[in-house]
Structures are given as structure tokens and as C-alpha cells.
Amino acid sequence: MQLRQKWIVITGASSGFGAAAAKAFGALGCHVILGARRVDRLESVAAEATSAGAASAQFHDLDVASTASVEAFAAWLKSVTTVVDVLINNAGGAHGLDAVATGKDADWEAMVQSNFLGLLRVTRALLPLIPKDAGAYILNLGSVAGHAAYEGAAVYCGVKAAERSITQSLRLELNGTGIRVGSLDPGLAETEFALVRFKGDSSRASNVYAGMTPLSAEDIAETMIWMVSRPAHVCIDEVIIKPTDQAAIHKVYRRTV
Ligand code: NDP
Ligand code: 8X3
């Protein structure tokens, strides 16, 4: 599908995959609409998307953990465009790496709110703007963590498993509308993900990628573009993408440690 002049909404566009996607879709001449809580960051990302060639780049405060914020974002969006061709539900992340025995309510609640309820809230609010039979696409960010559990990640794995179920339910519910729905499920990718998980501890965060070559945010943005630019009759339901060094969630080849 030709993406030029299409309207692309990206949640969690202030860093990582979302920011890279804003620039990559911008470079294809799309209209990009960006949401996240750090509006100063969105302003810079929008400027970069414009420099890359975006037809337009606009942004608005969005906290997917709040229904009121999602509804305010949707109301603003309706003043900007009558159509959303691609919705990228990307906002989310992990908080902490505690075992269930020592897990913190605040971490659990933040993960459920952003990755799980946020995905539902944004999709519900924007569905009325997504056209039928026009090759539109709802692309949800899952994870290899939704396919296999690991220690300290009961809730993060749980919410990413829920993302797969939500994606599959939506795919069934929207069958016959021509709206495509798919999940992009990456393995280790170096963004602000680990920094957020470890609450700003940069040495702990960089250790996650020690001695191996992780995916980059640009690798993921390129994959998003590949998924949504297939012809309208082709729906990529699910993509698992991992670094070559990561054969499985627990099996990462490290050169220097
Ligand atoms: P980053 O931490 O770099 O980006 C996360 C983005 O999500 C930020 O823009 C952040 O914006 C936004 N976000 C978080 N919570 C909220 C919220 N409540 N409301 C609105 N926006 C929010 O990480 P990534 O780019 O790596 O992560 C993007 C997605 O990819 C996440 O869903 C993550 O779980 C998933 N993922 C990441 C992998 C990785 O290894 N990096 C692998 C597999 C999946 P702000 O703080 O400004 O609101
Ligand atoms: C992020 C990938 O393996 O760190 O979803 O959980 S992992």
C-alpha cells in the first residue's frame, strides 16, 4: 500500500520505536500524529519528522493510563483529521524486574495501565476514525515476552501475552471491515526500555545488551513500514523479530562477558 499522504498515529512517540517510526513514516511523506506524556520530546521528534519529509507532523499530550487523557487526545485528533489510516499502539514498557514475591504494586499497575488497558483505550477511542475497506492497519507492539515467560517479568510477560490476545480478538471482530490488525513482537532492542525498567540506572540498563548486538529502534520502524505497506488484501498478523544473537528469550550469545 502506498503510504504517502496517509495519516499515521503513533503512541509512545517520544522515544525508542515510536520516535524512530515518526521519522521513518515522515520520510515517506506521511502525516504523522504523535502522542506521549513528554511533550517537549514530542516537539523535537515532530521537528525531525518534518525535516525527514513528513506531509505534516503534529503532537499532543497523551497518557494512555488515563481514559480522560485518551479521550482528550481523540477529541483533539478529530479537529486535525477525519481519518486514521495507521494506528501504531506502541506506548508501554516494563517497570522493575522483581520476582512475584517482592513485586511492587506501583510497578504492576503501571505495566497493566500502559501496555494492556492503554492499548484498549486508545483503540476504542480511535476506531471511529479508521476507515473500512481502505487498507487501514492497527499495529500493536507486543514482545517475545508475550510468547515466553522469564524470571522477574511475570507482569510484563502477562501484559504482552494479553496484547497478543487483544490483537487476535480485534482481528476477529474486524474481519469483513477490511481493517488489518497485527502484532509486532520484538526481542532485545536498545531504546530507553531498560533505563525505564531499571528506573534510570544506566549501568544496569546497558548491561542488558553487554557483548551482544541488539536490535535498534530503526530496525523496528523499518519492520513496521514493511508490515503496513503490504497490499490492502495482505494482513501480516504477527511478526517475531529478534537480534541474531538472541536465539530464544533465555539464550543470548555474548561476546565479551
Ligand atoms: P522506550 O522507553 O524508548 O519508549 C516507550 C514509549 O512509550 C515512550 O515514548 C513513552 O513516552 C511511552 N509511554 C510509556 N508509558 C506511557 C503512557 N502511560 N502514556 C503514553 N505514553 C507512554 O521503549 P521502546 O521504544 O523500546 O518501547 C516501545 C514499545 O515496545 C513498548 O510497548 C515496549 O514494551 C515494546 N517492546 C520493547 C522492546 C525492547 O527491547 N526495547 C522489545 C519488545 C517490545 P512518555 O514516557 O513520554 O509518555
Ligand atoms: C522487551 C523484550 O526480552 O526484554 O519486550 O522482555 S524483553
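As a basis for the values below, the full set of heavy atoms in this structure was taken, side chains included, without hydrogen atoms, waters or symmetry mates. Since we're looking at a predicted model, the values are computed, not measured. Counting convention: from 1, in listed order, for ligands and their atoms alike.
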Which of the listed options, Gly93, Ser15, Gly12, holds the heavy atom that is closest to atom 1 (P) of ligand 1?
Ser15
Heavy-atom distance to atom 14 (C) of ligand 1: which of Arg37, Glu163, Lys160, Arg121 wins?
Arg37
Are the side chain of Arg41 and the backbone of Ser14 linked by a donor-acceptor contact shorter than 3.5 Å?
yes
Shortest heavy-atom approach to atom 5 (C) of ligand 1 - which of Ala21, Gly92, Gly16
Gly92
Report the C-alpha separation of Glu48 and Ser44 in whole Å, then their side-chain angles, then the decisive distance to 0.1 Å, and conclude whether the side-chain hydrogen bond (donor to acceptor under 3.5 Å, both in side chains) test is met.
CA-CA 6 Å; Glu48 290 179 83; Ser44 312; 5.8 Å; no
Gly142: numbered ligand 1 atoms lying under 4.0 Å from its heavy atoms:
43 (C), 44 (C)
With only distance considered, is Arg197 within less than 3.5 Å of ligand 2 through an N or O on each side?
no
Which ligand 1 atoms does Gly187 reach within 4.0 Å, using its non-hydrogen atoms?
40 (O), 42 (C)
Which label fits Trp7 and His31: parallel for a plane angle under 30°, tilted from 30 to 60°, or perpendicular past 60°?
parallel
Check whether Gln246 reaches the backbone of Leu188 with its side chain - one donor and one acceptor, N or O, closer than 3.5 Å.
yes
Compute the shortest N/O to N/O distance between Gln246 and ligand 2 and return yes if it is under 3.5 Å, no if not.
no
Which ligand 1 atoms, with their elements, are less than 4.0 angstrom from a heavy-atom of Leu62?
19 (N), 20 (C)
Option with minimal heavy-atom separation from atom 28 (C) of ligand 1, where the choices are Val122, Val45, Asn115, Asn90
Asn90
Residues which pass salt bridge (Lys or Arg N to Asp or Glu O under 4.0 Å) with Lys78, listed by chain and number, not counting sequence neighbours
none
More than 12 foreign heavy atoms under 6.0 Å from CD of Gln5: is that the case here?
yes
